[in-house]
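Convention: sequence-line order gives letters A, B, ...; per-chain numbering from 1. All values below come from the heavy atoms of this structure, side chains included, with hydrogens, waters and symmetry mates left out.
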Amino acid sequence: MNQSLSGLLDGMRRALREDVLPEVRSAHARGQMAGVIDILNKLERMVVWSPDVLREELAIIVEGFRAIDEQVRLCGHEPPPPDADLKLSSAASQSELESRVAVGKRRLVRITDWLFDPANPLSAEQRKTIDALLRATIRDAMAPERRLVPRADYSGMAGADD
Amino acid sequence: MEAIDWSGPDLQRRLETFLREKTRRTVSVANMHRFSAGMSWITFGFIGRFDGPEGAPESLDLILRIGDPYGLLAPYRAEPEFLALTALSKTPGLPIPRAYWYSDDESIIGAPFIVTQRVDGETPMPWKRVSGGQRDVAADLALGHDFVDALAAIHSCEWAETSAAKLSDGVAADDVARHETKRWSAHAGMPRSDAHPQMHYAMRWLEANASPAPRITIVHGDYRVGNFLALDGRITAILDWELVHLGDPHEDLGWAALRVFAAGTSRVGGLIERDEFYARYEEKTGQKVRRDLVHYYEILGLYKQAAMLIGATERVSAGRARDYRMAAMGFQLTPTLLELNRLIEAAP
């Protein structure tokens, strides 16, 4: 997830306090709003992110690298190496997982640069094969997060005066 | 940055002073009210009453648009919109609001702004129709025809002898695609060490596959359903010119056709089938639509959209957003990047 929980909660509290509450006239509605803000204040310390999505994302990236590296070597070249180790212990913490996924993403970027470099020695056909593997890895690594994201309700957000 | 209060009488007073200096008449501003829809410019409606020293008293229904320093695409400039609306004001068959005055001097009301005519109409939203209500195919098609015709009129404008020539930043036709890619890369802070691999891949792909523009036209920059007003089934005004520039007309054709604006249909903007859209555009402009370029600009359009989502997320994180809907936009980054991946895969 590219947004921090604490940033999201801060924004929610600010929007409710500064933009919504001053406009709410009913005492009952103001009481309900105060209750919501109170819960938001507490949520940040109570929530624990599940590491499952990061684990799944990392496994897809590692498998993608295996296929890309194998293909590059079959073409007689050496792929750009990672800038840090991707190996992970089974008891890895959230921050270790995040750090490994970041290493994996940086390597995807480096492979992209290598592939698009005009000086790249690959033939057009070799390039096409590796390009397809790279695109598939990038795509598949987004799938775990995609499953978590519901569609945005822009209709509700468009406001009452539309 | 300190938040500026545009809700009180101070704005009204500053606006009256500005209008008085511009018109050299006595001016009163009344009925100021804010519209809530946009996440970019802040929009107010108001009545401007003008009197003396020459001419009859007149009352104008006006719109004030302010480039919010906390807005989605800040920092803003009002001049490009003013230049484009002025250049296009005499274009036959193009419904646009008349642009009266603008200023990019932040000392006047605290941010760049433009004053235009207020046009009657409502904003048809494709996603609203999905969530409720019946689709009126004939009405959509009538709107679709107006939608194509207005775009054809914009792209047919002989801009070189108009105020729009000032929009030129000296970029040659060979380089406009790369120039737009760079512009949106910069908006997303690219290249960057923590770049999302899909963004980085798309940037390299767009650079490697950029083609020269067949011709240079005024490009609206955000031409889509949601950015025009309609009344009685006809478009009354094309709005939201903040991204206007000179470039490849296929950029508008690609952006308008993005699936995200199609309300789950195969039609452009949910209104008109693609083949009909392009055929009518060709008939109106006398110019061939190159499908390969439309596809390229759809990819650039999604890249631009992803850049906007990244920008919105970072504004929220840095406390530089006043509108919490920007945080909701951040959640759409992954679906957008997946669509980007799919479109690149499908490139001819």
Greater than 12 external heavy atoms within 6.0 Å of D120(B)'s CG: no
Is L340(B) in contact with chain A via its backbone, its side chain, both, or neither, using a 4.5 Å heavy-atom distance? neither
Give the C-alpha distance, both sets of side-chain angles, the deciding distance and a yes or no for side chain to side chain contact (heavy atoms under 4.5 Å, CB included) between L115(A) and R204(B). CA-CA 9 Å; L115(A) 200 61; R204(B) 291 285 180 247; over 6 Å; no
Take atom CZ of R234(B) as the centre, draw a 6.0 Å sphere, and report whether it contains more than 12 heavy atoms from other residues, nucleotides or ligands. no
Do you know which two heavy atoms are closest between L8(A) and A327(B), and how far apart they sit? CD2-CB, 3.9 Å
Give, as side chain, backbone, both or neither, the part of R14(A) having an atom under 4.5 angstrom from any heavy atom of chain B. side chain
Mind listing the side-chain donor-acceptor pairs of residues 131-142 of chain A below 3.5 Å, one per line with the distance, residues two or more places apart or on another chain?
unit_1  : atom_1 : unit_2  : atom_2 : d
D131(A) : OD1    : Y201(B) : OH     : 2.4
D131(A) : OD2    : R135(A) : NE     : 3.4
D131(A) : OD2    : R135(A) : NH2    : 3.3
D131(A) : OD2    : Y201(B) : OH     : 3.0
R135(A) : NE     : Y201(B) : OH     : 3.3
R135(A) : NH1    : E345(B) : OE1    : 2.5
T137(A) : OG1    : L133(A) : O      : 2.8

Atom NE2 of H33(B): over 12 foreign heavy atoms under 6.0 Å: yes
Which value, rounded to the nearest 0.5 Å, describes the distance between L338(B) atom CG and E145(A) atom CD? 9.5 Å
Answer yes or no: are there more than 12 heavy-atom neighbours, outside D232(B) itself, under 6.0 Å from its atom CG? no
Is there side-chain contact between Q198(B) and L108(A), with heavy atoms separated by less than 4.5 Å? no
Minimum heavy-atom separation for S193(B) to R106(A), with atom names? O-CG, 3.7 Å
